[in-house]
Amino acid sequence: MNAIPQPGASQDRSRTIQPAWVRIAHWLNALAAVLMMLSGWRIYDASPVFAGFRIPTGITLGGWLGGALQWHFAAMWLLFFNALFYLAMNLVTGRLRSKFFPLSPRAILHDLGEALKGHLSHADPSRYNAVQKFAYLFVMLDIAILILSGLAIWKSVQFPLLRDLMGGYDNARVVHFCAMALLAGFIVVHLTMVALVPRSLLTMIRGR
Ligand code: HEM
């Protein structure tokens with residue numbers, strides 16, 4: 001006898017939820033982001049933006065300023081080209097619109113409330129709830145700001161308009177640091193959420 005289709009039978013377990021290009025871009029981005037953050041902390045320590053605030057050398061990458069700069073500049077290209085690829089593919093395939101929109105402040109607050117009460121359903125792993133959509137769009141924007149403020153610091157003479165948009169060279173360093181801190185905050189929340197819903201890790205590894 002044929003099985004009767006159940007409501008919500010869209011959860012066909014063999015269906016691809018995360019296409020290969022999303023998974024490859026995601027893991028390359030995670031690698032680049034971590035390398036940039038750890039080497040950035042060593043660069044920061046060589047000339048702290050906030051007097052008296054230093055990052056313990058033990059959790060930094062590069063060993064010394066010169067080494068950290070090498071790591072930072074190497075990982076920068078990976079972060080930049082991978083972000084460009086991810087964004088272009090999301091736009092061309094229409095995935096950006098279908099996966100992350102529609103989105104409203106009301107929906108975010110509603111889903112946040114449900115999540116805090118433990119009522120948010122994870123039955124359909126192919127859909128992001130409003131809080132996930134917001135968090136992922138937020139981190140995409142944050143990484144774009146990190147790249148632009150980094151460019152303003154690195155080539156401040158060649159990109160005077162960008163430097164001025166950041167409020168000058170010194171302010172660009174503050175913007176870069178704040179965007180890094182927000183990325184670090186995102187990573188902590190992101191990893192906590194993945195630990196709470198381990199099924200999502202499978203979709204980001206094998207696609208379904
Ligand atoms: C380090 C920087 C990281 C950033 C910026 C980041 C960002 C993102 C973004 C933007 C998405 C949505 C992707 C899309 O649908 O197009 C995502 C999904 C996901 N990420 Fe990350 N990620 C990072 C690290 C990690 C790490 C280290 C893990 C696992 C240990 C992880 C696990 C996942 C999983 C499982 C999903 C799918 C989750 C879901 O269905 O909601 N991420 N991440």
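Whatever order the structure lists ligands and atoms in, that order sets their numbers, starting from 1.
Proximity to Tyr128 (heavy-atom distance under 4.0 Å) selects the following atoms of ligand 1: 12 (C), 13 (C), 14 (C), 15 (O), 39 (C), 40 (O), 41 (O). Which parts of ligand 1 touch Tyr86 is read off a 4.0 Å heavy-atom cut-off, strictly below it: atoms 13 (C), 14 (C), 16 (O). Of all the atoms in ligand 1, the ones that sit under 4.0 Å from a non-hydrogen atom of Leu201 are 29 (C), 35 (C). The atoms of ligand 1 that sit less than 4.0 Å from any heavy atom of Ile187 are 1 (C), 2 (C). Atom numbering of ligand 1 starts at 1 in the shown order; those under 4.0 Å from a heavy atom of Phe186 are 4 (C), 5 (C), 6 (C), 7 (C).
The closest protein non-hydrogen atom to atom 9 (C) of ligand 1 is Tyr136 CD2, 3.6 Å. For atom 41 (O) of ligand 1, the nearest non-hydrogen atom of the protein is Gln132 NE2, 2.6 Å. The protein heavy atom nearest to atom 35 (C) of ligand 1 is Ser200 O, 3.2 Å.
Contacts between Trp27 and ligand 1, counted as non-hydrogen atom pairs separated by less than 4.0 Å, involve the side chain only. Under 4.0 angstrom from ligand 1, the non-hydrogen atoms of Phe100 all belong to its side chain.
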Taking distance alone, no hydrogens or angles, what donor-acceptor pairs closer than 3.5 Å link side-chain atoms of residues 150-157 to residues at least two apart or in another chain?
none

Donor-acceptor list for residues 51-62 side chains, cut-off 3.5 Å, not counting sequence neighbours:
residue: Arg54; atom: NH1; partner: Asp45; partner atom: O; Å: 3.2
residue: Arg54; atom: NH2; partner: Asp45; partner atom: O; Å: 3.3
residue: Thr60; atom: OG1; partner: Thr57; partner atom: O; Å: 2.7

Indicate every side-chain donor-acceptor pair of residues 98-106 with a distance under 3.5 Å to a residue at least two apart or in another chain.
residue: Ser98; atom: OG; partner: Gly94; partner atom: O; Å: 3.3
residue: Ser98; atom: OG; partner: Arg95; partner atom: O; Å: 3.3
residue: Lys99; atom: NZ; partner: Ser126; partner atom: O; Å: 2.8
residue: Ser104; atom: OG; partner: Ala107; partner atom: N; Å: 3.1

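Looking only at side-chain heavy atoms (C-beta outward), Tyr44 and Phe50 come within less than 4.5 Å of each other. When side chains are defined from C-beta on, Arg15 does not count as touching Arg208, because their heavy atoms never get closer than 4.5 Å. Residues Trp71 and Met36 are not in side-chain contact: their nearest non-hydrogen atoms beyond the backbone lie 4.5 Å or more apart. Contact annotation: the side chain of Ile24 never approaches that of Phe85 to less than 4.5 Å [non-hydrogen atoms, C-beta and beyond].
Which of Leu202, Leu96, Leu191 comes nearest to atom 27 (C) of ligand 1 through a heavy atom is settled by distance: it is Leu191.
From Asn129, atom CG reaches atom CZ of Arg127 across 11.5 Å, with rounding to the nearest 0.5 Å.
One N or O on the side chain of Ser121 and one on the backbone of Ala123 form a donor-acceptor pair closer than 3.5 Å. Judged by distance alone, the side chain of Asn82 and the main-chain N or O of Leu78 form no donor-acceptor pair under 3.5 Å. One N or O on the side chain of His176 and one on the backbone of Leu146 form a donor-acceptor pair closer than 3.5 Å. When atom types are taken as modelled, the side chain of Arg23 and the backbone of Ile205 share a donor-acceptor pair closer than 3.5 angstrom.
Neighbours of atom 21 (Fe) of ligand 1 restricted to protein N, O or S atoms under 2.8 Å: the count is 2.
At least one N or O atom of Arg95, backbone or side chain, sits closer than 3.5 Å to an N or O atom of ligand 1.
The closest approach between any non-hydrogen atom of Met193 and ligand 1 is not below 4.0 Å. The closest approach between Lys99 and ligand 1 stays at or above 4.0 Å for every heavy atom of the residue.
Taking the centre of each ring, Tyr136 and His26 stay at or above the 6.0 Å mark.
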